[in-house]
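Each chain gets a letter, A, B and so on, in the order the sequences are listed, and its residues count up from 1. Values reported hereafter were calculated over all heavy atoms of this structure, with side chains retained and with hydrogens, waters and symmetry mates removed.
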Amino acid sequence: MTFTILSTGLLGLLAPPLRDLAYLDPGSGSILLQLLIAGLLGFLVLMRSSWSRIKSLFRRGPEPEQEEDDEPSDSES
Amino acid sequence: MTNRPIRRVEASFRDPSGFLFTRDGVLYRQINRAYQDEYERLIDSGLYERLARAKLLVPHEEVDEPSAAADAAFKVIRPEQLAFISYPYEWSFSQLKDAALLTLSIQKKALAAGMTLKDSSAYNIQYHHGRPILIDTLSFEPYREGEPWVAYRQFCQHFLAPLALMSYRDVRLSGLLREFIDGVPLDLAAALLPGRTRLNLNLLLHLHLHAAAIKRYAARETPSSVAGRQMDKRALVGLIDGLESAVRKLQWDPGRTAWAGYYSEATGHYAEEAMTHKVALVESFLDEIGPQNVWDLGANTGEFSRLASDRGIPTIAFDIDPGAVELNYLECVRRQEEHLLPLVLDLTNPSPGIGWNNRERKPILDRSKPDTVMALALLHHLAIGNNVPLDRLADFFGALGRWLIIEFVPREDPQVQRLLSMRKDIFENYTQEAFLSAFSSHFHVRRSEPIRKTARSLHLLEAR
């Protein structure tokens, strides 16, 4: 039932058929779940980036260059 | 030169992109022609260089070594060699968590370079110089806009489900990874997790709804509601972000584990002077033998393991207590230690061979052998706590390494008395003389020193 609710509320885009098969069985349920929640996930990313933009308007000083990256050891020079 | 015998690695058979083999004790990876385009993309996109330089992916060299299956071969590479292969069911909570975060971090960098991980097995991560690293160079494939993540289920089974179970239920549930070779089935995880995990959006989506989706669509046609739907890149990034956020928020506090307070609180049986003397003895034994590597069995939080690893000796600190291993690992991270690897191991039931033909994941004692074994305050737990006769203990240690630094804790010691307090003393034979006599069938006794202020003694034995 949850899926019916989710799937009716989400954007469906016209798309090419799923890729030729992976060497591991990705699981049809796992693939379908991702397609069903894709709209929600995209929306959350959009929300998060808008929110951080709004926050930055009120932040004093120069905006820190921070992408969503986490590895402190991964300094790219 | 092509006649030198090769051995294909038993764990390396699923992916048609290539496989691992050894020749003269050196590990190589054959890349098959089927993977040529993907490999060239990995290199040409700069992704390999970026990941290897950041120590996220094992570095390799392309070599002229003859391939192991020439008809399929595109290239042979020699990855940087690892000292020891450990498995996720031997990791503490934070070790599995760091491996999960590494996988997601690599996936994000791959997506930024137009590639994606085609698998996300916890076995593809190893601990190397103190940090997790991806060892499967053939895990990447080009990302195609619109496609979901094919390794999503594997990630949830190998990482998210066991971490959530360890965090919300019991840290010992990591043992499920030993039972299930491809990770914890999500319906099992969902059934075992407390209901309140449904209130966490990411756990709701990636474990509970995911488990329901797998069950619901196991044997069905694609429903018309998703036909023609795709997952744009922003959604895919959102998926990885969600998984990352879920993993980051999972916590486990080792608190007062069975052994973690052993040294700090038990001053009664570990008077400072005794401890200092024991440290000095272990140090002098280590300096005398100069080990190639050390396995510290029953290492607790690694106080004595560090006597070896701080000398630059590659050391593995095994303990049965996941809390002690967790504290040890956190200390390794804090001190950025490169030579110490803490692992969970129950010596009374060591990791067996599992997976295909029982050979896919090797028994721990078949993976490598130590040069030097330390067994401090351990023997009485095995001999009395687990009723293992001394001659069998001698057989076990005799088959391990050349050197053995072993502590004998006699019957009158308070720790042994505690083990005996509620049970019949059937251990008349448990004496230092009987111990040395049993072990002398496998070892020469090089040194025997009493530990000051205790009835204990420390012995340096060399295999016959």
Side-chain angles (χ1 to χ4, degrees), chain A residues 1-56 64-77, chain B residues 14-17 50-51 53-56 101-102 104-105 108-109 118-119 121 131 141 144 146-154 156 182 186 201 205-206 209-220 222-223 225-239 241-242 244 248:
Chain A
M1 193 191 74
T2 330
F3 292 102
T4 327
I5 296 168
L6 270 173
S7 56
T8 49
L10 295 172
L11 291 167
L13 299 166
L14 284 174
L18 280 175
R19 180 199 284 257
D20 32 304
L21 300 173
Y23 90 95
L24 285 181
D25 176 10
S28 47
S30 305
I31 292 298
L32 289 170
L33 177 69
Q34 291 181 77
L35 294 173
L36 288 174
I37 65 175
L40 173 67
L41 295 169
F43 175 71
L44 290 175
V45 171
L46 202 63
M47 285 293 288
R48 208 173 313 148
S49 62
S50 311
W51 178 237
S52 57
R53 221 167 294 147
I54 291 166
K55 273 199 297 187
S56 69
E65 288 269 332
Q66 203 202 347
E67 271 297 299
E68 277 274 293
D69 227 337
D70 40 276
E71 288 304 314
S73 58
D74 182 17
S75 53
E76 285 146 67
S77 46
Chain B
R14 285 212 169 79
D15 186 352
S17 308
R50 195 174 166 213
L51 294 175
R53 192 151 31 93
K55 298 191 163 71
L56 307 182
L101 292 173
L102 172 78
L104 295 172
S105 165
K108 287 205 283 188
K109 289 174 169 60
K118 66 181 180 181
D119 45 32
S121 163
R131 298 300 303 151
E141 66 183 7
R144 289 203 278 182
E147 286 187 347
W149 191 23
V150 290
Y152 172 55
R153 181 177 71 171
Q154 196 174 42
C156 293
D182 196 23
L186 297 188
L201 176 66
L205 289 176
H206 304 306
L209 289 183
H210 195 172
I214 289 171
K215 193 170 171 189
R216 181 175 169 134
Y217 296 116
R220 288 201 201 178
T222 307
S225 59
V226 294
R229 195 169 275 196
Q230 67 174 2
M231 184 167 192
D232 65 15
K233 196 165 180 181
R234 181 189 288 156
L236 183 54
V237 169
L239 179 84
D241 282 351
E244 189 174 32
R248 268 192 206 290

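- Between the Arg48(A) side chain and the Gly238(B) main chain, no donor and acceptor come within less than 3.5 Å of each other.
- Interatomic distance, Arg153(B) CZ to Ser28(A) OG, rounded to the nearest 0.5 Å: 8.5 Å.
- When all heavy atoms of Asp119(B) and Leu24(A) are compared, the closest pair comes out as CB-CD1, 3.6 Å.
- Ranked by heavy-atom pairs under 4.5 Å with chain A, the first of Ala235(B), Cys156(B), Ala211(B) is Ala235(B).
- Rounded to the nearest 0.5 angstrom, Leu41(A) CG and Met231(B) CE are separated by 5.0 Å.
- Separating the NE2 atom in His206(B) from the CD1 atom in Ile37(A) is a distance of 5.5 Å, to the nearest 0.5 Å.
- Note that CG of Leu46(A) is 4.5 Å distant from CZ of Arg234(B), once rounded to the nearest 0.5 Å.
- The distance from atom CG of Leu239(B) to atom CG of Leu44(A), rounded to the nearest 0.5 Å, is 11.0 Å.
- Counting heavy-atom neighbours within 6.0 Å of Lys215(B) NZ, excluding the residue itself, gives a total of 12 or less.
- Once rounded to the nearest 0.5 Å, the distance linking CG of Leu33(A) with OH of Tyr217(B) reads 9.0 Å.
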